[in-house]
Asker: 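Handing you this structure, nothing more for now.
Predicted, not measured: the structure shown is a model, and the values here were computed from it. A, B, ... follow the sequence lines: proteins, then strands. Residue 1 opens every chain.
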There are 2 protein chains.
Amino acid sequence: MDQPYDVYEERCPTRMVLDRLADKWAVLILDRLDAGPVRFNHLRRDISGISQKVLSQTLKKLERDGLVSRAAFATVPVTVEYALTPLGQTLTETVSALAHWAERNMAAVLAAQRAYDAAPRG
Amino acid sequence: MDQPYDVYEERCPTRMVLDRLADKWAVLILDRLDAGPVRFNHLRRDISGISQKVLSQTLKKLERDGLVSRAAFATVPVTVEYALTPLGQTLTETVSALAHWAERNMAAVLAAQRAYDAAPRG
DNA sequence: CAGGATCCGATCGGATACTG
DNA sequence: CAGTATCCGATCGGATCCTG
């Protein structure tokens, strides 16, 4: 255990942060914003499968955590751009590492699942 | 967009892997196992707050994904040790990077939340 | 010790309808 | 365009009891 904070303990602030990060949608949003600022509906279209409600909720949480910024422009109709904050940018390196691990190793994971499912159990 | 696979698309295998990783408990378990093999109840005690049911379920998923191995020894009573597989080990580097980011930046996140909550809204 | 089975409240998250 | 509000089924996850 080389960790200053004991992440295995409840009520550990690190856990709270981990809770936010351990969200599929948050990871996808963060990763998408890494490519630059995006408008709400654009984000909605890009991340297929996310509902408007969940996108809205997740963005609000990320904004509250200081990871994402929201900028509204008084155009008609209104334009809103979401972007990574400096803090958020320090996170994307790690987040994209996770995404890339998944990409590189999904074949191995899929194979492991097939082997597991094929094995006699019970 | 420098990704060969489009993780923003539904039914993308990478997303499925991400789904597994985007689980607080899975991250904590993986991180804990990085320190070496651990028995079931030991894991249960170490990761405070996790229920027996969820621990069991999560371990089974991780085993199916080929990230964690399960070894039973015919002692009395039976002893079961969970450990990282080689594949799982390739993941922990990334996972612990996430945990350490949370650790280093939780103060900033907490501050952002206070600022957000203090700001007049609506 | 290492779990499986069950009950059940809480939360997640999609669909739909509406608004400034 | 960028959301909010509501309904509601599905899943999550804790508590409890039981077993080899």
Side-chain angles (χ1 to χ4, degrees), chain A residues 8-11 15-16 18-29 32-33 37-65 68-83 116 119-122, chain B residues 8-11 15-16 18-29 32-33 37-65 68-83 116 119-122:
Chain A
Y8 309 112
E9 278 306 315
E10 287 185 272
R11 312 227 43 79
R15 272 224 196 167
M16 198 200 53
L18 206 56
D19 247 332
R20 182 66 22 87
L21 268 37
D23 173 22
K24 178 178 114 184
W25 297 126
V27 169
L28 288 169
I29 291 173
R32 179 64 189 85
L33 289 182
V38 193
R39 281 175 301 105
F40 187 86
N41 279 333
H42 193 144
L43 208 46
R44 181 154 148 63
R45 274 190 306 274
D46 279 4
I47 303 180
S48 81
I50 196 170
S51 70
Q52 169 272 338
K53 175 186 170 186
V54 172
L55 176 58
S56 178
Q57 285 175 347
T58 309
L59 281 171
K60 218 172 289 180
K61 286 181 191 169
L62 291 173
E63 189 192 353
R64 191 174 103 100
D65 288 348
V68 162
S69 65
R70 199 192 98 117
F73 302 98
T75 53
V76 193
V78 66
T79 300
V80 178
E81 261 192 6
Y82 289 93
Y116 184 95
R121 218 165 302 271
Chain B
Y8 308 113
E9 278 306 315
E10 287 185 271
R11 313 229 43 78
R15 271 223 196 168
M16 199 199 52
L18 206 58
D19 248 330
R20 182 65 23 86
L21 269 38
D23 173 22
K24 177 178 114 184
W25 298 125
V27 170
L28 288 170
I29 291 173
R32 180 62 190 82
L33 289 183
V38 193
R39 281 176 301 106
F40 187 86
N41 278 332
H42 192 142
L43 209 46
R44 183 155 148 62
R45 275 191 305 274
D46 279 5
I47 304 179
S48 83
I50 195 169
S51 71
Q52 172 268 329
K53 175 186 170 184
V54 172
L55 176 57
S56 178
Q57 286 175 347
T58 309
L59 281 172
K60 217 172 291 182
K61 286 179 192 171
L62 292 173
E63 191 191 351
R64 190 173 104 99
D65 288 349
V68 162
S69 65
R70 198 193 99 116
F73 302 98
T75 53
V76 192
V78 66
T79 302
V80 178
E81 262 192 8
Y82 288 93
Y116 184 95
R121 218 165 300 272

Asker: With side-chain contact (heavy atoms from CB on, under 4.5 Å) as the test, pick out the partner of Val38(A) among Leu33(A), Ile29(A), Ile47(A).
Answerer: Leu33(A)
Asker: Rounded to whole angstrom units, what separation is found between the CD atom of Gln52(B) and the C1' atom of dT16(D)?
Answerer: 10 Å
Asker: Both Val78(A) and Ser51(A) contact DNA chain C. Taking the nearest nucleotide for each, which residue is further toward the 5' end?
Answerer: Ser51(A)
Asker: In whole angstroms, how far is the C1' atom of dA5(C) from the CG atom of Leu55(B)?
Answerer: 17 Å
Asker: Would you kindly give the CG-to-P distance between Asp23(B) and dT11(C), to the nearest whole Å?
Answerer: 17 Å
Asker: I need the Leu55(B) CG to Arg45(B) CZ distance, nearest 0.5 Å.
Answerer: 11.5 Å
Asker: From CD1 of Ile50(B) over to P of dG14(D), roughly how many Å is that when rounded to an integer?
Answerer: 8 Å
Asker: Taking only the side-chain nitrogens and oxygens of Arg70(A), find out if one of them lies under 4.0 Å from OP1 or OP2 of dA2(D).
Answerer: no
Asker: What is the distance from CD of Gln57(B) to C1' of dG14(D), rounded to the nearest Å?
Answerer: 11 Å
Asker: Distance-only, no hydrogens or angles: does the Tyr82(A) side chain make a donor-acceptor pair with backbone N or O of Leu59(A) under 3.5 Å?
Answerer: no
Asker: Look at the side chain of Lys53(A) and decide which nucleotide, out of dG3(D), dG14(C), dG13(D), has an atom nearest to it.
Answerer: dG14(C)
Asker: Taking all heavy atoms of Ile50(B) and all of Arg44(B), pick out the closest pair and write down the distance.
Answerer: O-NH1, 3.6 Å
Asker: What's Arg44(A) touching, base or sugar-phosphate or nothing? Going by heavy atoms closer than 4.0 Å.
Answerer: nothing
Asker: In whole angstroms, how far is the P atom of dG13(D) from the CG atom of Leu59(B)?
Answerer: 14 Å
Asker: Choose from dA2(D), dG14(C), dA2(C) the nucleotide whose nearest atom is closest to any side-chain atom of Val80(B).
Answerer: dA2(C)
Asker: For Lys60(B), which contact category applies under a 4.0 Å heavy-atom criterion: base, sugar-phosphate, or nothing?
Answerer: sugar-phosphate
Asker: Which value, rounded to the nearest 0.5 Å, describes the distance between Gln57(B) atom CD and Gln52(B) atom CD?
Answerer: 9.0 Å
Asker: Side-chain N or O of Tyr82(A) less than 4.0 angstrom from OP1 or OP2 on dC1(D)?
Answerer: no
Asker: Can you check the Ile47(B) CD1 to dG14(D) P distance for me, whole Å?
Answerer: 12 Å
Asker: Using whole Å, what does the distance between atom C1' of nucleotide dC1(D) and atom CZ of Phe40(A) come to?
Answerer: 10 Å
Asker: With respect to the side chain of Trp25(A), which nucleotide from dC1(C), dG14(C), dG14(D) is positioned closest?
Answerer: dG14(C)
